[in-house]
Amino acid sequence: MKYFLKCIDCGAEYPKTEIIYTCPKCDGLLDVIYDYDEIKASIDEKKLREEPPSVWKYKMLLPVDIDPVTINEGGTPLYKCDKLAKLIGVKELYVKHEGMNPTGSFKDRGMTVGVSKAIELGMETVACASTGNTSASLAIYGAKAGIPAIVLLPAGKVALGKVGQALMHGGKVIMIKGNFDDALVLVRKLCSEERIYLLNSINPYRLEGQKTIAFEIVDQLGFKVPDRVVLPVGNAGNITAINKGFKEFQKLGITDRRPKMTGIQTAGACPIVNAIKSGAEDITPEMNPETIATAIRIGNPVNAKKALSAIRESGGCAESVTDEELIEAQKALARLEGIGVEPASATSVAGLKKLVEAGVISKDEVVVCVTTGHLLKDPEEIIEICEEPVTVEPTIEALKSAIFE
Ligand code: F0G
C-alpha cells in the first residue's frame, strides 16, 4: 500500500520506513498521506455496506502492511439516547460508547495499528507516557505481540482500574513524580535515545487507528453524517483523528459532508478551549492542570495544533465543564441510558448540555457524543460520588426497614 509521512508545518515528506515521530527538520507534527485514487479503486461497496464495523474492516485506509496484532477492537455500540436527548433538549442524540473496546477505552483502536507498526518496523520494545488508558492498552497489545511495554504514569494520579490493567498484562510500570506532561517529555527523550518505539499520540500511525471511530459512526447511522460530534479532549489526538476519518470518507465519495467537531475539556485543564475562544494560533500550556477526570488532566497537549485546526475547519467549537457538571452527566448517562463511563468521557455530554443551554448548539442538530472509557476504569471515583451502601443485620426486619424506611 502506498503512503508516506508529511510535516503539517513545513511540508517535508518522509518514506513510511522511517522511524520518526515529528519532523526532523522543523519538529512539526506529522500526518500520514495516502493515494486516495488507489484506495477508492480498491473499495468493495457491497462489503463496506454489509460487513459489521470493526477497526480492520477499514484496513484499506490503515497504514499497516503486515497481519495486524489484534484482539478485535472497534465495533463499539452507537446507542440512540432518547431520554438523554429529551433532558438536554436536542432532536437526536447518539452515544458512541468506546468503553466497549477490549481494554475499555478507544485507545485500542490506535494501539492495534501502532503496535502492528512497531512490529513491521522491526522494533522490539514499545513505550508511552499515560494518564492511564494508553498504558493499559499498550501493555495488552505488547503482551499480545510478545514484546515488552514500558509505561510512565503520573504518580498518584491514575485511576485504579487502569494501573491494574497495565500491571496484570505485564507492562513495565514506572511512576513518575510529576504530571502527565512531565512523563511525556521523559518518554520522548527515552525513545529518541534508545531503540524503543514511542506509542503516544504524537506517533501519527496511532491516530490512524483512532480515525475509525468516524468510519463506524457513519456506518452505524446508515451512511449518514451527524451534524456534530462532541468528545473529551486531553492530549488532543482523538479529535484530530476522528476529523480526519470524516474527511477521508468525504474525499472517497462515501459521504458528502462532515460534522462540526466539538471538543470538551474540564475547567481545571483547558488549554485548547482557551485557544479556541481567544482565537489564538497555538495554546498557552497550563502548568498545574487539575480535575477529577484524571484521563484528561493535561496542560500541554502535544497534538494541539492539529486539534485546533480540526475544530476550526469543521466549523466546530470548544467548551469547558466543571467537575460537578461532568459528574452530573456521568450519573445521567448511567441512570437514564444504562451507559457506564469514566469521568473524562462524561465531559462530552456535560459539554453538549452546556452548549445547548447557551444556544451555541441548535436543538435541531443530530449529535453524537463519544464516551471514551468505561465506568470500571475508575472505581475510586464511583465510591467518592455515589451514596454509601447501607449495611444491615441479616434479618428480614432489618432488610425491610433498610428498603422501605
Ligand atoms: N478520554 C479518555 C478516557 C482518555 O483516556 C483520554 C486520553 C481522552 C479522553 C482524551 O483523548 O488525548 O486523544 O485528546 N488519555 C490519554 C492516556 C492521555 O494516556 O490514556 P486525547
Side-chain angles (χ1 to χ4, degrees), residues 76 96-101 103-111 114 127-140 149 151-154 157-159 161-163 165-166 171 173 176 179-181 183-184 187 198-204 206-211 213 230-244 261-266 269-273 283 289 291-304 306-308 310-311 318 326 330 340-351 369-378 381:
T76 57
K96 177 73 170 158
H97 192 13
E98 286 296 295
M100 303 295 271
N101 271 294
T103 80
S105 88
F106 71 96
K107 306 288 181 180
D108 299 346
R109 295 179 186 270
M111 284 307 172
C128 70
S130 179
T131 56
N133 281 321
T134 299
S135 71
S137 193
L138 186 63
I140 287 160
V151 307
L152 278 58
L153 302 175
K157 293 291 182 179
V158 180
K162 304 172 188 181
V163 183
Q165 287 179 293
V173 179
I176 304 293
N179 61 28
F180 167 81
D181 302 295
L184 186 54
V187 79
L198 177 64
L199 275 169
N200 277 99
S201 58
I202 188 119
N203 182 323
R206 225 195 77 190
L207 295 183
E208 293 303 297
Q210 290 171 208
K211 75 187 178 187
I213 294 176
V230 188
L231 72 152
V233 173
N235 220 12
N238 210 27
I239 195 163
T240 305
I242 297 176
N243 188 54
K244 182 172 181 182
M261 299 305 299
T262 302
I264 312 297
Q265 297 190 296
T266 62
C270 58
I272 297 278
V273 176
I283 57 152
T291 166
I292 196 168
T294 50
I296 52 172
R297 185 176 170 271
I298 295 175
N300 190 12
V302 281
N303 287 299
K306 283 182 173 177
L308 291 175
I311 293 169
L326 77 86
Q330 189 186 19
V341 307
E342 67 166 282
S345 305
T347 60
S348 58
V349 170
C369 285
V370 182
T371 53
T372 44
H374 199 278
L375 173 69
L376 295 176
K377 289 277 189 175
D378 195 348
E381 187 256 359

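Here, residue 1 is the first one in the sequence, and each next residue gets the next number. Order of listing sets the numbers, starting from 1, for every ligand and every atom in it.
- For atom 13 (O) of ligand 1, the closest non-hydrogen atom of the protein is Asn238 N, 2.8 Å.
- Nearest protein neighbour of atom 9 (C) of ligand 1, counting heavy atoms only, is Thr372 OG1, 3.5 Å.
- Checking Thr131, Thr371, Thr347 against atom 18 (C) of ligand 1, the nearest heavy atom belongs to Thr131.
- Not one N or O of Ser345 is nearer than 3.5 Å to an N or O of ligand 1, by distance alone.
- When non-hydrogen atoms are compared, ligand 1 lies under 4.0 Å from the side chain of Glu342 (C-beta onward) but not from its backbone.
- Checked against a 3.5 angstrom limit, the closest N/O atoms of Gly234 and ligand 1 fall inside it.
- For the atom pair Ile264 CD1 and Ser348 OG, the distance stands at 7.5 Å (nearest 0.5 Å).
- In this structure, Ala236 counts as a contact residue of ligand 1, since one of its heavy atoms falls inside 4.0 Å of the ligand.
- Taking a 4.0 Å cut-off on heavy atoms, Ile298 registers as neighbouring ligand 1.
- Not one N or O of Lys162 is nearer than 3.5 Å to an N or O of ligand 1, by distance alone.
- Looking only at side-chain heavy atoms (C-beta outward), Ile311 and Ile272 come within less than 4.5 Å of each other.
- Test Glu342, His97, Glu98 against Thr371 for side-chain hydrogen bond (donor to acceptor under 3.5 Å, both in side chains) and you get one pass: His97.
- In terms of N/O distances under 3.5 Å, ligand 1 is not approached by Gln210.
- Which of Lys107, Arg206, Glu98 comes nearest to atom 6 (C) of ligand 1 through a heavy atom is settled by distance: it is Lys107.
- Of the N or O atoms in Gly237, one or more lie within a sub-3.5 Å distance of an N or O in ligand 1.
- Under 4.0 Å from ligand 1, the heavy atoms of Ile296 that appear belong solely to its side chain.
- The nearest heavy-atom contact from the protein to atom 17 (C) of ligand 1 is Thr134 OG1, 2.9 Å.
- For the pair Ser105 and ligand 1, no heavy-atom separation below 4.0 Å is found.
- When only non-hydrogen protein atoms are considered, atom 11 (O) of ligand 1 lies nearest to Phe106 CZ, 3.5 Å.
- Closest approach of Lys377 to Thr103, counting heavy atoms only: NZ-O, 2.8 Å.
- Nearest to atom 12 (O) of ligand 1 among the protein's heavy atoms is Asn235 N, 2.7 Å.
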